[in-house]
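To start, the structure itself, in structure tokens.
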Amino acid sequence: QVQLVESGGGSVQAGGSLRLSCTASGGTIRMFGISAVYMAWFRQAPGKEREGVASIDRDGTTTYADSVKGRMTISRNNANNNLYLQLDSLKPEDTAMYFCAADPTKRTPPLLPGYRVWGQGTQVTVSS
């Protein structure tokens with residue numbers, strides 16, 4: 001079965017940058033690679049619902065939440081089965097646990113948390 005492991009979180013000041021990574025393995029990933037599944041990044045702040053941040057389809061089409069457009073970039077490396085989220089111009093309101101998610105079936109819309117497989121998350125804390 002597919003497993004996802006996030007890394008790269010940390011504490012930064014407002015305006016700073018981080019790069020999150022999600023290493024995918026097992027199941028469909030082992031046989032066909034990361035481009036065979038639909039993937040996304042979500043985040044959840046204390047007391048708030050999980051929200052979609054960015055997604056990438058099998059054909060590379062990306063979707064972003066309005067709150068992060070122009071500041072965050074989702075990408076993937078098909079050679080090493082890694083998904084990335086580049087976070088720039090960070091704001092205190094970006095503070096949350098960030099999760100990557102995967103599903104062999106296209107999610108519509110892509111930023112709703114109905115994905116089949118989830119990682120454990122990596123914490124991002126932005127101070128003012």
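The first residue of the sequence shown is numbered 1, and numbering continues consecutively from there.
Under a 4.5 Å side-chain heavy-atom criterion applied to ILVMFWY residues, the cluster that includes Met31 comprises Phe32 as well. Counting Ile, Leu, Val, Met, Phe, Trp and Tyr side chains that sit under 4.5 Å apart, directly or through other members, Ile34 shares a hydrophobic cluster with Val2, Leu4, Val12, Leu18, Leu20, Ile29, Val37, Met39, Trp41, Val53, Ile56, Tyr64, Val68, Met72, Ile74, Leu83, Leu85, Leu87, Leu90, Tyr98, Val117, Val124, Val126.
At most 12 heavy atoms of other shown residues, nucleotides or ligands fall within 6.0 angstrom of atom CD in Gln120.
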All N/O donor-acceptor pairs, side-chain side in residues 104-111, below 3.5 Å, sequence neighbours left out:
| from | atom 1 | to | atom 2 | distance (Å) |
| --- | --- | --- | --- | --- |
| Lys106 | NZ | Asp57 | OD2 | 2.6 |
| Arg107 | NH2 | Gly114 | O | 3.3 |

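With sequence neighbours excluded, the residues forming a salt bridge (charged side-chain N to carboxylate O under 4.0 Å, His left out) with Lys69 are Asp66, listed by chain and number. Not a single salt bridge (charged side-chain N to carboxylate O under 4.0 Å, His left out) links Asp59 to another residue, sequence neighbours left out. By the salt bridge (charged side-chain N to carboxylate O under 4.0 Å, His left out) test, Glu93 is found to be paired with no residue, residues two or more places apart in sequence or in another chain being considered. Contacts of Arg71 classified as salt bridge (charged side-chain N to carboxylate O under 4.0 Å, His left out), with partners at least two apart in sequence or in another chain: Asp94.
Counting only residues at least two apart or on different chains, the side chain to side chain donor-acceptor pair (under 3.5 Å) pairs with a member in residues 18-35 are Thr23-Asn82. Applying the disulfide bond (SG atoms under 2.5 Å apart) test to pairs two or more places apart or on separate chains, those with a residue in residues 86-128 are Cys22-Cys100. Pairs engaging residues 41-80 under the disulfide bond (SG atoms under 2.5 Å apart) rule: none recorded [sequence neighbours left out]. Within the structure, no pair that satisfies the disulfide bond (SG atoms under 2.5 Å apart) test touches residues 25-73, not counting sequence neighbours. Applying the ring-ring contact (aromatic ring centres under 6.0 Å, His included) test to pairs two or more places apart or on separate chains, those with a residue in residues 104-128 are Phe42-Tyr115, Phe42-Trp118.
When all heavy atoms of Gly121 and Met97 are compared, the closest pair comes out as C-SD, 3.7 Å. Between Ala96 and Arg43, the closest heavy-atom pair is CB-CB, 3.8 Å. Closest heavy-atom contact between Lys48 and Gln44: O-NE2, 3.1 Å. For Ala14 against Pro92, the heavy-atom pair with the smallest separation is CB-CD, 4.1 Å.
The closest side-chain heavy-atom distance from Thr122 to Ser7 is not below 4.5 Å.
Atom CD of Gln13 sits about 9.0 Å away from atom OG of Ser128, to the nearest 0.5 Å.
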